[in-house]
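To keep things clear, I will list the structure first and then write my remarks on it.
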Amino acid sequence: MTTLDTAKRVLAGPHRRVLYAFAAAATILVAGAVIHPGFGSWTSLRTMLVLASFIGFVGAGQMLVVLVGGIDLSMPWVLNGAAIVLTTSSLGQSGRLPLAVALALGVGAAVGLANGLGVAWLGVPAVVMTLGMNGVLQGLSLGLSKGLTCGSCASYAPEPLRRLVVGRLFGVPSELLLWAGVALFVTVLLTLTTFGRRVYAVGNNPRAAFLAGVGVRGVTVVLYMLSGVFAALAGITLVAYGGQPSLGLGDPYLFESIAAVVVGGVSILGGRGHYVGVVAGSVTLVAIVTLLQAERVPEYGRNVIYGLVILAILFTYGRERADD
Amino acid sequence: MSELRAATLGYAVLAATAIAYLVVYTTSLGHLPTPFDYLSLLNTSLPLVFVAIGQSLVVLTGGIDLSVGGMVGLGVAIVAAGSTSGAAVTAGWMLAAVGAGAACGAVNGLIVAKGRIAPILTTLATLSVYSGLALKVLPVPGGEISPAVRSVLTDPDVPTGLIWLGVAVAGWLVLRRTRFGMRVYAVGSDETAARAVGVPTVWVKVGVYALSGVCSGLAAVFYVSTTTSGDPNAGDSFILTSIAAVVVGGIAFAGGRGSALGAVAGAFALTLVIDVLFFAGIDPLYQSLFQGLFLVVAVLLGSLVRWRRA
Amino acid sequence: MMDTYAVHAEGVDRSFGGVRALRGASFAARPGEIHALAGENGAGKSTMIKVLCGLVKPDRGTVRVTGRLATAFQELSLLPDLTIAENLLLHDPPRGRLGLVVRRRLVPVAKEVLHEHGIDDLDPRTVTRDLSVAHRQVVELVRVLATRPEVLILDEPTAALQEQQVAWLAEHMRRLRAEGCCVVFTSHRWREIEALADRVTVFRNGTHVTTRERLTESEAVTLMSGRTLDATYPPLAPPGDTVALEARVGDVEVKLHRGEILGIGGLAGQGQRELFLTLFGAGRQKPAVTVGGTARTIRKPKDAIRAGIGIAYVPEDRKAEGLLLPMSVRDNLALATLERRSVAGFVRRAAEHRAVRDIVDRLAVRTASTGHPVGTLSGGNQQKVLMGRWLLSGAEVLLLFDVTRGVDAATKHDFYALVADLAAQGRAVLLYSSETEEIAHLCHRVLVMREGRVAAELEGPVGDAELIVAAAMREREHV
């Protein structure tokens with residue numbers, strides 16, 4: 001009886017959507033394991049988790065801006081640009097790696113700063129500002145690298161970075177440890193710090209937060225900067241994973257970042273959501289695609305089913321409340 | 001009169017871009033643009049013009065339609081896959097493309113209005129579905145369109161494109177003069193209040209999303225006609241450019257304010273910018289850099305003007 | 001049995017979140033009568049009206065309306081981006097051939113509609129966002145009158161109106177009654193109810209109390225609040241003479257002493273709100289303010305909170321400007337003072353828990369736990385949480401703007417005692433209320449505002465609200 005009551009309270013409470021997100025991930029994984037032998041094996045799970053981690057990184061950034069009712073459409077080319085910056089500045093040499101990583105993350109932070117200033121101070125709608133910055137980054141990436149044909153563009157990611165991303169630590173892929181670190185950072189930031197409290201306050205009601213002394217603009221700018229940094233991190237790890245950057249590397253990640261955030265139970269209207277949900281959301285997305293590929297569903301079918309599954313998830317727990 | 005004012009930003013941006021175009025064209029080629037230049041500009045702009053009108057309607061209600069990419073792609077696939085035979089058959093498939101757009105759009109509208117799922121999420125999910133359907137219809141780029149059809153739609157030598165542009169603009173002006181048109185603005189201005197005074201908000205929303213689908217279908221028809229073949233992924237670029245056109249056109253993202261004519265001007269301006277960059281001798285690789293700046297600066301100017309007035 | 005009512009609701013229940021707005025409420029009005037619906041804020045009047053016109057579905061109960069219904073709401077039904085003409089003619093615009101709207105006919109037709117209703121000073125081309133509140137209300141009323149209703153429901157139609165506009169509306173209400181229309185209205189001004197209504201229904205705590213033809217004001221107040229008029233206001237301790245806050249905002253000079261409750265009176269919308277917001281750093285002007293002896297320029301609320309002895313602002317609209325409804329009681333209480341209980345940016349949760357617990361106990365906030373979303377609390381308890389936030393900040397200057405709006409009688413009583421107590425402890429209070437009674441009884445001194453200026457200064461406690469109203473009106477006649 002009491003456990004039932006507790007269960008009911010949790011289901012009605014603010015963590016309900018996080019639970020739904022995990023339920024969705026579990027459902028897909030179990031369904032996959034039943035339909036496709038080997039889907040549930042550790043090898044396959046490990047691969048899926050590593051792929052999910054890249055979505056997890058962009059999802060972290062996207063979630064932070066969505067929490068204050070914003071959106072970051074500049075992710076694809078921040079990611080791609082950071083990847084190119086990393087290889088062209090490190091030239092595959094380990095010694096240049098720290099500088100290269102700093103530069104790549106710096107690019108992300110700078111773009112995020114521009115986005116944040118545009119949104120918070122100049123009042124440009126987030127969609128427009130970040131869309132414009134995506135174009136700017138795309139143009140700069142293509143132009144400066146001459147369409148990725150420049151002399152240094154053929155460089156690979158330095159070996160230590162590659163080992164970090166594809167290697168293992170204590171038997172666990174180190175990429176997953178990195179993701180765990182990101183998850184810990186975001187969760188601690190949002191739940192244990194004064195900054196986190198302010199983020200949720202701004203997301204729920206910017207006017208009321210302002211009148212309670214919260215620096216709404218400052219909070220917004222920091223969040224967009226973090227979003228840029230996380231997109232850059234995804235770019236760095238992706239290029240380490242694949243070895244070399246490619247054009248269009250970031251394209252799928254705009255859709256994926258928003259989908260992961262929403263499937264993870266974060267309200268697109270802002271103010272509600274937790275990163276653990278986004279982790280589950282990222283896994284769900286990768287599991288769907290992996291399962292469809294394993295079942296040899298043709299590309300068109302994958303797209304259709306992918307969209308329908310997301311719609312189904314939205315109908316289950318992504319609806320806005322009815323107006324009264 | 002108010003129509004003109006609502007689209008001021010779009011017209012101003014278009015005028016500025018047009019002047020820049022004339023200047024860089026004449027300085028680089030030594031003569032003014034020829035009628036052929038104008039016509040091909042018009043013809044390449046038409047698909048975006050249509051998508052932008054559809055996007056305007058949705059944004060005017062306070063929504064956003066990301067699935068235009070999928071709907072245009074599906075339309076292109078239908079027309080290209082079906083247009084291997086004569087003109088009459090092609091025309092039939094073109095109607096089918098528009099119909100498919102209407103159906104897809106209506107589904108969007110129903111999910112948004114009845115399902116109460118945020119427009120950006122709804123259309124993000126259906127974008128995937130419609131893109132998938134496009135791939136099913138036309139797995140690889142191809143198809144060919146009969147010259148007869150082409151000469152009616154986008155003849156590069158005769159200004160047929162002008163007629164279609166006229167039809168598009170007239171269509172908007174008529175729509176603006178229906179009760180539905182007034183209600184679109186009502187819903188975008190304040191949905192709760194609109195419901196309180198008896199506006200059927202659900203059906204207005206279904207209507208605008210369906211019309212956005214129709215516009216995407218029409219855009220697909222003109223896209224195939226200008227490019228003479230089909231690519232199922234052709235729609236992708238329209239997602240962001242249509243939003244950009246709407247924004248440059250001065251339509252408020254919160255809904256309720258602006259005119260699709262502004263977005264039409266915005267669509268032309270965005271197409272012109274590419275030519276401006278080309279004739280200015282700027283590396284095409286930098287194209288999106290300038291488009292991005294163009295977008296942000298246009299919006300900043302717009303808000304600056306509004307701010308001054310207030 | 002067939003009844004002869006034009007409007008009939010029976011046994012209606014309706015809850016919002018955890019708050020029960022209506023419980024078993026009934027209401028009935030006949031054709032050819034003007035029927036007033038009276039009750040305190042939060043008694044369920046507005047919800048009943050929304051139920052009657054179908055905007056809110058009842059959880060339980062039956063509703064029946066006979067005849068063509070038109071409703072004017074308090075604030076929500078003009079479309080801000082549309083012109084007056086478009087708003088008036090949204091449903092029946094002038095059309096030409098092919099059924100298309102003839103846009104250039106919109107303005108003349110709208111002008112005619114306005115003229116028919118005796119309004120000639122409004123340009124139909126004006127976007128309603130740019131209108132004054134009073135004019136917006138007039139347009140809203142013309143909109144509903146023009147539909148030639150058989151049942152007309154008006155929610156607080158006069159709250160924003162000037163005297164002569166009220167007379168104009170009364171004339172139309174009487175005309176409609178003569179034509180057999182059923183007119184239902186709510187009002188906070190008893191004089192209007194007495195002058196207009198054939199019958200009065202009183203609501204209290206979401207339910208029907210009585211329906212009568214004759215009702216004196218004191219009877220009504222007793223019925224509405226469930227208490228008698230007297231003995232509701234606590235005695236005031238004498239104010240000190242140390243200046244707590246001194247500021248000049250536009251043409252208004254405010255000098256507030258410790259221990260003093262300074263009332264800001266006047267009709268609604270005479271610049272009181274802007275004054276409060278400006279003092280708190282959220283207005284357009286950035287005033288130089290002397291707080292507790294130190295001069296500061298207040299640019300944003302954060303400055304006000306940190307200035308000298310601290311300023312706090314409690315708004316009337318808890319949902320829009322005060323609370324973060326989905327967030328917990330704890331988060332809402334702690335928000336303004338987070339950094340005081342933090343180490344290196346981390347919240348010290350134990351200290352926070354103690355501080356929050358202390359406030360909850362002190363203000364007797366009724367909540368199952370401090371982790372519950374504030375939105376699940378009743379209106380009165382929500383208001384306590386908002387007050388508690390500023391008690392936690394230790395602010396010595398309190399700007400209280402119409403904070404008893406939508407609060408039940410018992411909580412109001414607690415609130416009066418709390419304000420008097422805070423003043424007695426030496427805090428300085430600036431108080432505005434849309435219920436002039438409160439200003440009349442709860443303030444040491446009253447500034448009556450009129451069009452952004454101080455029209456009169458009265459020594460308090462004034463005791464008689466009519467004196468304040470008279471001061472506000474007298475000035476108007478002079479202008």
Side-chain angles (χ1 to χ4, degrees), chain A residues 71 73-74 77 114 118 122-149 251 254-255 258-259 261-263 267-269 298-315 318-324, chain B residues 64 66-67 70 107 111 115-122 124-139 191-192 195 201 232 236 239-240 243-244 246-248 252-254 282-300 302-304 306-307:
Chain A
I71 196 155
L73 303 182
S74 68
W77 281 94
L122 301 176
V124 181
V127 171
V128 180
M129 190 66 215
T130 56
L131 185 60
M133 284 310 286
N134 189 52
V136 168
L137 260 281
Q138 180 180 6
L140 284 178
S141 305
L142 290 176
L144 294 178
S145 70
K146 305 209 169 15
L148 214 57
T149 59
D251 287 352
L254 176 59
F255 185 107
I258 300 174
V261 162
V262 175
V263 172
S267 164
I268 196 80
L269 304 174
E299 194 188 349
Y300 83 86
R302 289 208 299 271
N303 284 338
V304 171
I305 294 170
Y306 194 61
L308 290 178
V309 170
I310 289 176
L311 267 183
I313 290 172
L314 285 173
F315 267 104
R319 302 174 81 172
E320 292 162 38
R321 268 176 294 177
D323 302 70
D324 283 310
Chain B
I64 193 163
L66 303 181
S67 74
V107 169
I111 297 174
R116 299 197 315 274
I117 294 174
I120 193 166
L121 303 180
T122 301
L124 196 66
T126 56
L127 168 65
S128 183
V129 175
Y130 302 154
S131 304
L133 293 178
L135 275 176
K136 168 72 179 158
V137 174
L138 188 74
E191 193 178 334
T192 318
R195 209 182 359 245
T201 51
D236 292 353
I239 303 171
L240 300 186
I243 295 172
V246 161
V247 168
V248 171
F253 248 81
I282 288 167
D283 188 339
L285 288 171
Y286 283 104
Q287 210 179 67
S288 38
L289 165 68
F290 289 96
Q291 283 178 311
L293 286 176
F294 181 76
L295 179 62
V296 173
V297 170
V299 171
L300 273 180
S303 55
L304 214 65
R306 258 197 298 277
W307 191 61

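Below, read A as the first sequence line, B as the second, and so on, with proteins coming before strands; counting in each chain starts at 1.
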Where [X] and [Y] come nearest, the two heavy atoms and their spacing:
X: B/Val299; Y: A/Pro125; answer: CG1-CD, 4.2 Å
X: B/Val248; Y: B/Ala298; answer: CG2-CB, 4.1 Å
X: A/Gly118; Y: A/Met129; answer: CA-SD, 3.7 Å
X: A/Thr130; Y: A/Ile71; answer: CG2-O, 3.5 Å
X: B/Thr201; Y: B/Arg195; answer: OG1-NH1, 3.8 Å

With respect to chain B, which residue among [options] yields the maximal number of heavy-atom pairs within a distance under 4.5 Å?
options: A/Leu311, A/Leu122, A/Leu314; answer: A/Leu314
options: A/Leu137, A/Ile310, A/Val128; answer: A/Val128
options: A/Gly301, A/Ser145, A/Gly132, A/Ala259; answer: A/Gly132

Criterion side-chain contact (heavy atoms from CB on, under 4.5 Å) against A/Trp77, the qualifying member of A/Leu142, A/Val136, A/Leu140: A/Leu142
Could you check B/Leu135, B/Leu127, B/Leu133 and say which one makes a side-chain contact (heavy atoms from CB on, under 4.5 Å) with A/Asn303? B/Leu135
If I measure from the heavy atoms of chain B, does [X] come under 4.5 Å with its side chain, its backbone, both, or neither?
X: A/Val262; result: side chain
X: A/Val127; result: side chain
X: A/Ile305; result: neither

Which residue out of [options] racks up the most heavy-atom pairs below 4.5 Å with chain A?
options: B/Thr122, B/Leu240, B/Val137, B/Ile282; answer: B/Leu240
options: B/Ile64, B/Val296, B/Ile243, B/Val297; answer: B/Val296
options: B/Thr126, B/Asp236, B/Asp283, B/Ile111; answer: B/Ile111
options: B/Ala134, B/Ala125, B/Pro284, B/Gly70; answer: B/Ala125

Yes or no on side-chain contact (heavy atoms from CB on, under 4.5 Å) for A/Phe255 and B/Leu66, after CA distance, side-chain angles and deciding distance? CA-CA 11 Å; A/Phe255 185 107; B/Leu66 303 181; over 6 Å; no
Cut-off 4.5 Å, heavy atoms of chain A, and the answer for B/Tyr286 is both
Which portion of B/Ile120 sits near chain A, non-hydrogen atoms under 4.5 angstrom: side chain
